[in-house]
Amino acid sequence: MAVATAYELRRRGYDVEAEQMPFPFEAGFPHSITEIAWGRRFTTVLQRNHLRDAFRQPGTRGIVIADWPPGPRVDLGDSHVFNIEHVSGAGIRVIDGQPNPPLTDATEHIHRAAALRYLRVDDLADPVPSIINYLGIRTASR
């Protein structure tokens with residue numbers, strides 16, 4: 001969640017990085033913190049093409065939650081948070097900033113997910129500094 005927010009802030013011109021920090025909750029950060037940070041609720045994706053439709057306009061950006069299906073391979077946990085954006089001339093990109101190095105084509109996450117939710121953020125104001133700090137995002141400058 002912090003990495004996805006940090007990625008969006010970098011796209012806005014901030015020099016930021018998500019710090020590795022212990023989660024205050026056993027299962028990680030609740031997704032509601034991202035909703036509080038951005039002031040909007042996640043939208044449930046009923047069909048995969050609805051996600052593509054939500055980001056069909058160049059310049060749109062968002063944060064996606066993928067809930068993984070139950071099974072032996074849940075190496076990313078029960079759910080995972082990553083970014084989606086429509087880059088003019090390049091189309092829709094799915095970026096996962098958590099692995100090192102980051103995945104610049106994480107579309108497989110969308111295909112593997114049992115359920116998806118998205119939060120469009122390009123049309124929203126920046127999160128307040130207290131939320132950015134709570135998520136462990138270091139800010140340098142804009």
Side-chain angles (χ1 to χ4, degrees), residues 1-139 142:
M1 194 165 326
V3 174
T5 296
Y7 179 83
E8 173 58 25
L9 292 173
R10 282 193 301 276
R11 296 292 282 140
R12 292 173 181 224
Y14 289 92
D15 182 13
V16 296
E17 182 176 290
E19 294 179 342
Q20 244 339 358
M21 57 186 269
F23 290 122
F25 307 97
E26 186 177 315
F29 284 105
H31 298 304
S32 60
I33 292 174
T34 302
E35 293 175 329
I36 293 167
W38 291 103
R40 179 179 283 164
R41 296 190 59 116
F42 279 93
T43 300
T44 299
V45 176
L46 300 175
Q47 296 178 351
R48 299 282 193 274
N49 64 331
H50 291 165
L51 185 61
R52 185 187 66 241
D53 292 346
F55 295 94
R56 71 181 175 277
Q57 295 297 321
T60 53
R61 293 188 307 273
I63 297 171
V64 178
I65 299 170
D67 295 323
W68 303 128
R73 185 165 185 261
V74 282
D75 56 341
L76 298 174
D78 295 331
S79 65
H80 190 59
V81 180
F82 50 93
N83 297 81
I84 188 168
E85 63 184 355
H86 188 137
V87 178
S88 184
I92 295 175
R93 298 187 327 162
V94 180
I95 299 99
D96 184 353
Q98 291 186 37
N100 190 9
L103 293 175
T104 55
D105 181 6
T107 52
E108 183 61 28
H109 291 351
I110 292 170
H111 301 298
R112 278 187 53 211
L116 295 162
R117 291 168 276 167
Y118 72 88
L119 177 68
R120 185 173 165 191
V121 295
D122 63 279
D123 59 340
L124 300 175
D126 295 344
V128 295
S130 60
I131 293 285
I132 293 171
N133 291 335
Y134 181 76
L135 289 172
I137 298 173
R138 289 185 299 179
T139 59
R142 180 156 196 185

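To the nearest 0.5 Å, atom CZ of residue Arg93 and atom CD1 of residue Ile95 are 4.5 Å apart. The CG atom of Leu9 lies 11.0 Å from the CG atom of Asp15; values are rounded to the nearest 0.5 Å. Atom-to-atom distance recorded for Glu35:CD and Arg40:CZ is 11.5 Å, nearest 0.5 angstrom. With rounding to the nearest 0.5 Å, the separation of CD1 in Ile84 from CZ in Arg61 is 12.5 Å. Separating the CG atom in Asn83 from the OH atom in Tyr7 is a distance of 6.5 Å, to the nearest 0.5 Å. Rounded to the nearest 0.5 Å, atoms CG (Leu46) and CG (Leu51) are 11.5 Å apart.
At distances below 3.5 Å, at least one donor-acceptor pair connects side-chain atoms of Arg56 with backbone N or O atoms of Asp53. Side-chain atoms of Arg138 do not come within 3.5 Å of backbone N or O of Glu19 as any donor-acceptor pair.
No side-chain heavy atom of Arg120 sits less than 4.5 Å from a side-chain heavy atom of Trp38. The shortest side-chain heavy-atom distance between Asp126 and Tyr14 falls under the 4.5 Å cut-off. Looking at heavy atoms from C-beta onward, Val64 lies out of side-chain contact with Val94 at the 4.5 angstrom threshold.
Relative ring orientation between His80 and Trp68 is described as parallel, the plane-to-plane angle staying below 30° on a 0-90° scale split at 30° and 60°.
Within a 6.0 Å sphere centred on CZ of Arg10, heavy atoms belonging to other residues, nucleotides or ligands number more than 12.
Nearest approach of Phe42 to His31, heavy atoms of both residues: CE1-O, 3.8 Å. When all heavy atoms of Pro127 and Ile132 are compared, the closest pair comes out as O-CD1, 3.6 Å. Asp67 approaches Ser79 most closely through the heavy-atom pair OD1-CB, 3.2 Å. Nearest heavy-atom pair, His86 versus Pro58, reported as atom, atom and distance to 0.1 Å: CD2-CA, 3.5 Å. Here the closest non-hydrogen pair linking Ile131 and Ala37 is CG2-CB, 3.2 Å. Looking at every heavy atom in both residues, Leu135 comes nearest to Ala2 through O-CB, 3.2 Å.
Among the candidates Ile65, Val121, Ile63, the single residue satisfying the side-chain contact (heavy atoms from CB on, under 4.5 Å) test with Thr34 is Ile63.
Side chain to side chain, His50 and Thr43 fail the donor-acceptor criterion of an N or O pair below 3.5 Å.
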In sequence, state the C-alpha distance, the side-chain angles, and the governing distance for Ile33 and Tyr134, and then conclude on side chain to side chain contact (heavy atoms under 4.5 Å, CB included). CA-CA 10 Å; Ile33 292 174; Tyr134 181 76; 3.5 Å; yes
Got a list of side-chain donor-acceptor pairs under 3.5 Å for residues 98-105, not counting sequence neighbours?
from   : atom 1 : to     : atom 2 : distance (Å)
Gln98  : NE2    : Val81  : O      : 3.4
Asp105 : OD1    : Thr107 : N      : 3.3
Asp105 : OD1    : Thr107 : OG1    : 2.9

